[in-house]
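Everything quoted here is computed from the prediction, not taken from an experiment. In what follows, every heavy atom counts, from backbone to side chain, and hydrogens, waters and symmetry copies are set aside.
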Amino acid sequence: MAETGASPRPSSPPAHTPLARAEQFVWLTARVLEQRRFAYHFLDGSADAVETALAAYRTADEGYGHALEPDLRGPVSQPLHTGHALRVLDSIGRCAGQRVERVCRYLTSVSNPDGALPAVHPGQRGYPAAPFVPIVDDPPSELLATGPVVGLLHRNQVWHAWLFRATDFCWHAVETLEKSHPYEVQAAVAFLDSVPDRPRALAAADRLGRLVREQRLSVLDPGRLEECPVASGYAPGEHHFPFDFARTPESLARAWFTDEEMSRSLDFLESEQRDDGGWPIRWRQWAPGTALESRPIVTIEALRTLHAYGRSIG
């Protein structure tokens, strides 16, 4: 029977390229949101389609939930889900307007007295969550949750009362870091890459880069993984590489690594594409469904990073 009402299939990349193999993986395994994100970034897909898919994760309090971040399950909104939503909106040029104004009201409602965000609000209790995500009654403010959100809002020139104290929190957290771990450093970079005070950001990034190298938080030679211990609480093999910190050549974190170190890490990233066309996740896998949902997200980010550095993906 002839199919009616179907959208025309976007033109696909040549067969057997990294992009073509990833496309098959995405159509086979991904959620609708990641399918539409892949189509937007690589197949001339629609930003409207991405936004429509993302809206399914919005909650009544104008946050986001419903396992948008796969390691937190259930219908309740969470700061980490909302940060993920803002990254998606930013990537399609839609991180502005009344939509983001409503998100800022949500952020205000779940912030701690210091104006910053906890990683996990206690409303998560009773719903499945990764065992490495602690759920406590009085969660502390964390750079991990606050830094990326503040950075994205500044990047998109959003001005809201919530931002003032949250920005101050991030400055203090970044400039007083002594002992850190890769995910916290990534959050710091997301903040520093977009905060308006560029001289201060450059100085803070220079200090942070020295800390990353001194504490061996980044694998500088993928052939010598044993030289970089995995951070406490991370899964075996949960290493981080220069491309994890400097997702684009414009990132302040790019200056932390030599051209050779960056090139080796991108070679490694290219080599990590699996036979099924997707990239692996390196953090602890605690449920089959969460791993399946996470891999297309990681795959899209790997392709975007390689493309940003001019690597051929198809």
Side-chain angles (χ1 to χ4, degrees), residues 5-10 12-13 18-95 99 103 106 120 124 127-130 132-133 145 148-149 152 247 272-307 313-314:
S7 299
R9 186 177 186 275
S12 297
L19 188 58
R21 293 166 56 208
E23 181 186 2
Q24 292 303 306
F25 174 76
V26 166
W27 294 137
L28 179 65
T29 67
R31 304 180 297 190
V32 172
L33 175 59
E34 281 70 52
Q35 290 179 8
R36 291 184 170 179
R37 288 190 67 210
F38 184 92
Y40 172 82
H41 288 296
F42 305 111
L43 302 174
D44 297 321
S46 163
D48 288 341
V50 177
E51 196 167 359
T52 298
L54 180 64
Y57 296 89
R58 199 164 57 227
T59 54
D61 58 8
E62 298 296 348
Y64 288 80
H66 303 286
L68 181 56
E69 274 288 334
D71 284 329
L72 293 173
R73 317 302 292 182
V76 295
S77 58
Q78 287 290 340
L80 291 178
H81 293 314
T82 304
H84 188 128
L86 290 174
R87 286 194 296 277
V88 172
L89 291 171
D90 174 70
S91 73
I92 62 172
R94 299 285 179 88
C95 191
R99 175 192 314 100
V103 168
Y106 163 76
V120 182
Q124 184 67 34
Y127 297 102
F132 48 82
V133 180
V149 170
L152 282 168
R247 283 288 178 182
E272 280 286 276
Q273 188 174 24
R274 296 299 188 244
D275 290 342
D276 62 8
W279 268 259
I281 60 174
R282 296 196 297 272
W283 60 88
R284 195 178 307 278
Q285 302 180 36
W286 61 281
T290 61
L292 186 66
E293 290 177 355
S294 295
R295 285 192 65 207
I297 299 172
V298 170
T299 296
I300 290 169
E301 293 311 312
L303 290 168
R304 292 185 69 201
T305 297
L306 291 169
H307 179 70
I313 59 175

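Inter-residue side-chain proximity for Tyr127 and Leu72 is flagged as unmet; no heavy-atom pair is nearer than 4.5 Å. For the pair Arg87/Leu152, a side-chain contact is recorded, criterion being any heavy-atom separation below 4.5 Å from C-beta on. Under the 4.5 Å side-chain criterion, counting only non-hydrogen atoms from C-beta, His84 is in contact with Ile297. A heavy-atom distance below 4.5 Å is found between the side chains of Val298 and Trp283. Here the side chains of Pro296 and Phe38 are not in contact, with every heavy-atom distance at 4.5 Å or above. Inter-residue side-chain proximity for Arg94 and Asp48 is flagged as met; some heavy-atom pair is nearer than 4.5 Å. Within the 4.5 Å cutoff, side-chain heavy atoms of Leu68 are placed close to those of Leu54.
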Between Glu272 and Arg274, is a salt bridge (Lys or Arg N to Asp or Glu O under 4.0 Å) present by the stated rule, with each step listed?
CA-CA 6 Å; Glu272 280 286 276; Arg274 296 299 188 244; 3.4 Å; yes
As a quick check of understanding, evaluate side chain to side chain contact (heavy atoms under 4.5 Å, CB included) for Tyr64 and Glu69, giving each step before the final call.
CA-CA 9 Å; Tyr64 288 80; Glu69 274 288 334; over 6 Å; no
Given side chain to side chain contact (heavy atoms under 4.5 Å, CB included), test Tyr57 with Leu33 step by step and report yes or no.
CA-CA 10 Å; Tyr57 296 89; Leu33 175 59; 4.0 Å; yes
Side chain to side chain contact (heavy atoms under 4.5 Å, CB included) for Val133 and Gln124? Distances and angles first, verdict last.
CA-CA 10 Å; Val133 180; Gln124 184 67 34; over 6 Å; no
Let me see the working for Arg37 and Glu301 under side chain to side chain contact (heavy atoms under 4.5 Å, CB included), right down to the final yes or no.
CA-CA 10 Å; Arg37 288 190 67 210; Glu301 293 311 312; 3.1 Å; yes
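The environment of His307 atom NE2 is sparse: at most 12 non-hydrogen atoms of other residues, nucleotides or ligands sit within 6.0 angstrom.
Taking each heavy atom of Ala22 and Gln273 in turn, the nearest pair found is N-NE2, 3.7 Å. What you find for Val32 and Ala53 is that their closest heavy atoms are CG1-CB, 4.1 Å. Across all their heavy atoms, Tyr40 and Ser91 have their closest contact at CE2-O, 3.5 Å. Listed here is the closest heavy atom pair of Glu23 and Leu43: OE2-CD1, 3.7 Å.
A distance of 5.0 Å separates CD1 in Ile313 from CG in Leu19, rounded to the nearest 0.5 Å.
By the side chain to side chain contact (heavy atoms under 4.5 Å, CB included) test, Thr305 pairs with Phe243, Arg247, Leu266, Leu269, Tyr309, sequence neighbours left out. By the salt bridge (Lys or Arg N to Asp or Glu O under 4.0 Å) test, Arg99 is found to be paired with Glu51, residues two or more places apart in sequence or in another chain being considered. For the side chain to side chain contact (heavy atoms under 4.5 Å, CB included) test, residues two or more places apart in sequence or in another chain that qualify with Ala49 are Arg36, Ser46. Shown here are the side chain to side chain donor-acceptor pair (under 3.5 Å) partners of Arg282, two or more places apart in sequence or in another chain: Asp244. Contacts of Ser77 classified as side chain to side chain contact (heavy atoms under 4.5 Å, CB included), with partners at least two apart in sequence or in another chain: Thr59, Asp61, Tyr106. Looking at residues two or more places apart in sequence or on another chain, you find a side chain to side chain contact (heavy atoms under 4.5 Å, CB included) between Ala291 and Ile281, Gln285. The salt bridge (Lys or Arg N to Asp or Glu O under 4.0 Å) search around Asp90 returns Arg155, not counting sequence neighbours. Contacts of His81 classified as side chain to side chain donor-acceptor pair (under 3.5 Å), with partners at least two apart in sequence or in another chain: none.
For residues 284-293, every residue pair satisfying the salt bridge (charged side-chain N to carboxylate O under 4.0 Å, His left out) rule, not counting sequence neighbours, is listed here: Arg31-Glu293, Arg73-Glu293.
A side-chain donor-acceptor contact under 3.5 Å links Arg295 to the backbone of Gly278. Of the possible donor and acceptor atoms, one in the side chain of Gln35 sits under 3.5 Å from a partner among the backbone N and O of Ala30. A donor-acceptor pair under 3.5 Å links the side-chain atoms of Thr299 to the main chain of Trp279, judged by distance alone.
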